[in-house]
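Everything numeric here is computed off the predicted structure, so don't read it as measured data. Sequence lines set the chain letters: A, B, ... in the order given, protein chains first and strands last, and positions in each chain run from 1.
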Protein chains: 2
Amino acid sequence: MSERVSEKQQQILQFLREFIGEKDYPPSIRDIQEGCRISSTSVVDYNLKRLEEKGFIRRDREVSRAIELLEGGERRARTVRVPVLGKIAAGRPIPMPPEHLTPESYDEFVEVTDRQTGGRDNVFALRVEGNSMVDALINDGDIVLLQPTQSCDDGDMVAVWLKRENETTLKRLYHEGGRVRLQPMNAAMQPFYTDLDNVEVQGRVLAAIRNW
Amino acid sequence: MSERVSEKQQQILQFLREFIGEKDYPPSIRDIQEGCRISSTSVVDYNLKRLEEKGFIRRDREVSRAIELLEGGERRARTVRVPVLGKIAAGRPIPMPPEHLTPESYDEFVEVTDRQTGGRDNVFALRVEGNSMVDALINDGDIVLLQPTQSCDDGDMVAVWLKRENETTLKRLYHEGGRVRLQPMNAAMQPFYTDLDNVEVQGRVLAAIRNW
DNA sequence: TAGGCAGCAGAACATATGTGCCGACCAGGG
DNA sequence: CCCTGGTCGGCACATATGTTCTGCTGCCTA
């Protein structure tokens with residue numbers, strides 16, 4: 001068996017992508033047959049077997065339309081709906097999610113890939129309000145993805161509430177003896193030092209998204 | 001018919017989400033029956049009809065597993081694979097995509113939702129290298145999504161090549177008489193004025209993504 | 001030239017799966 | 001009490017759909 005993907009297999013792969021992209025459910029073998037003008041279902045089956053061997057797709061036997069498209073050996077990314085819990089601003093603590101996030105309880109969502117959430121659940125999103133986060137290179141209107149947590153490792157990008165300053169900020173956090181160093185994203189800016197008691201980690205920042 | 005979504009329908013909706021999230025293809029009526037411990041296929045069918053009337057799903061009749069999940073009245077977002085054509089840096093022109101983007105010709109991809117590409121095709125991505133884009137609040141390592149274009153409307157965020165300065169930059173562009181004003185994202189920074197001949201619009205910036 | 005193998009055609013076959021029909025149950029209204 | 005509409009159970013039926021078998025056609029090689 002050639003390791004190469006034959007013309008026909010390439011065509012089937014392309015058809016799979018288009019079909020799924022259009023309908024949101026995979027095609028049947030006979031759909032593929034028609035779509036690629038293949039003369040027999042057995043040919044489709046044959047080539048699907050080859051594609052499966054080569055790792056381009058995964059099939060569940062005996063189950064109709066059970067073709068999963070893999071890309072680059074990996075599972076295709078899936079979209080997840082992340083609830084937008086509210087706004088994040090310098091002068092306000094972060095609105096925290098309730099114990100159990102139920103997708104139904106929120107009106108607003110952003111749709112991101114599960115690569116961006118790292119597959120974690122209970123991720124939530126906040127819309128940045130104002131220009132107070134520019135030192136983290138985050139602008140008014142940006143969306144940040146957060147994972148609720150109280151603890152974090154050194155160097156993690158976290159959202160912290162500074163009790164004395166009454167302020168929310170996004171910084172990299174490093175423990176240094178009894179103190180913590182809060183390092184702005186923008187390398188040109190000076191780090192901020194404070195003591196452990198003054199900081200309250202609200203969440204780990206996973207990603208930031210800006211749309212124009 | 002009650003406009004309300006009954007307990008059972010809620011349960012089916014939830015099951016649909018989980019099933020599709022797990023398998024990448026929709027469940028059959030009998031899958032739903034088992035998954036939701038429903039006593040008969042006709043009950044599933046009945047409730048699917050109700051859900052379709054209410055706009056939560058769309059079904060293709062006679063076709064097995066042809067259930068599309070809608071969310072908030074809209075189609076669920078799909079992931080698209082955007083090729084990463086290269087790096088973007090201040091001192092280099094932007095690597096432009098060839099005439100016809102074929103998904104197979106690139107090694108590296110980022111997966112984003114089609115909401116982020118605005119459904120446009122021939123979108124491509126670049127990885128930002130260096131800190132020269134901080135005035136656009138874009139950092140080393142960020143990913144920017146671009147759509148190839150030579151022309152743009154006033155106020156569009158664009159990637160431009162400044163011929164005299166030999167430099168690539170991301171700015172909002174405004175035509176002002178015979179000149180153009182390039183406005184940095186960061187409101188605190190001064191705009192840059194130059195003449196029309198000096199700028200070469202390479203693409204419209206659609207989105208920026210940062211992952212920690 | 002015979003044999004082996006990848007790929008293809010065609011058709012029969014076995015299930016997987018959507019649909020229709022009939023009756024039961026229940027709550028509300030006349 | 002009966003009627004009606006919404007919901008459910010059970011089941012048979014038609015067809016949508018994956019699988020398999022047999023044979024054919026090139027092509028390569030011992």
Exercise. What residues, two or more places apart in sequence or in another chain, satisfy side chain to side chain contact (heavy atoms under 4.5 Å, CB included) together with B:T79?
Worked result: A:R76, A:A77, A:T79, A:T113
For this session: Return the set of residues passing side-chain hydrogen bond (donor to acceptor under 3.5 Å, both in side chains) with A:R172 (not counting sequence neighbours), or none when no residue passes.
Result: none
For this session: Indicate whether OP1 or OP2 belonging to C:dG7 is found under 4.0 Å from a side-chain N or O atom of A:Y46.
Result: yes
Exercise. If only side-chain N and O atoms of A:N47 are considered, is one of them under 4.0 Å from the OP1 or OP2 phosphate oxygen of C:dC8?
Worked result: yes
Seminar exercise, completed: note: B:I32, atom CD1; D:dC8, atom P; distance rounded to Å ~ 14 Å
Seminar exercise, completed: To the nearest angstrom, the CD-P distance between A:Q11 and C:dG7 comes to 15 Å
For this session: Could you tell me the separation between the CD atom of A:Q33 and the C1' atom of D:dT19, rounded to a whole number of Å?
Result: 14 Å
Problem set entry | Residue list, salt bridge (charged side-chain N to carboxylate O under 4.0 Å, His left out) with B:R61, at least two apart or on another chain | B:E52
Exercise. Is there a donor-acceptor contact under 3.5 Å linking the side chains of A:Q11 and A:E7?
Worked result: no
Exercise. For the pair made of CD1 in A:I38 and C1' in C:dG7, what is the distance, rounded to whole Å?
Worked result: 12 Å
Seminar exercise, completed: A:D31 meets the side-chain hydrogen bond (donor to acceptor under 3.5 Å, both in side chains) criterion, sequence neighbours left out, with A:S28, A:R65
Atom pairs, protein N/O to nucleotides 17-20 of chain C N/O, distance under 3.5 Å:
{"from": "C:dT17", "atom 1": "OP1", "to": "A:S64", "atom 2": "N", "distance (Å)": "3.2"}
{"from": "C:dT17", "atom 1": "OP1", "to": "A:S64", "atom 2": "OG", "distance (Å)": "3.3"}
{"from": "C:dT17", "atom 1": "OP1", "to": "B:R65", "atom 2": "NE", "distance (Å)": "2.8"}
{"from": "C:dT17", "atom 1": "OP1", "to": "B:R65", "atom 2": "NH2", "distance (Å)": "2.4"}
{"from": "C:dT17", "atom 1": "OP2", "to": "B:R65", "atom 2": "NH2", "distance (Å)": "3.2"}
{"from": "C:dG18", "atom 1": "OP1", "to": "B:R65", "atom 2": "N", "distance (Å)": "2.9"}
{"from": "C:dG18", "atom 1": "OP2", "to": "B:I29", "atom 2": "N", "distance (Å)": "2.7"}
{"from": "C:dG18", "atom 1": "N7", "to": "B:R30", "atom 2": "NH1", "distance (Å)": "2.7"}
{"from": "C:dG18", "atom 1": "O6", "to": "B:R30", "atom 2": "NH2", "distance (Å)": "2.8"}
{"from": "C:dT19", "atom 1": "OP1", "to": "B:E62", "atom 2": "N", "distance (Å)": "3.4"}
{"from": "C:dT19", "atom 1": "OP2", "to": "B:D45", "atom 2": "OD1", "distance (Å)": "3.4"}
{"from": "C:dT19", "atom 1": "O4", "to": "B:T41", "atom 2": "OG1", "distance (Å)": "3.4"}

Problem set entry | Rounded interatomic separation in angstrom, taking OH from A:Y25 and P from D:dT17 | 9 Å
Problem set entry | A:E34: partners by side-chain hydrogen bond (donor to acceptor under 3.5 Å, both in side chains), with sequence neighbours left out | none
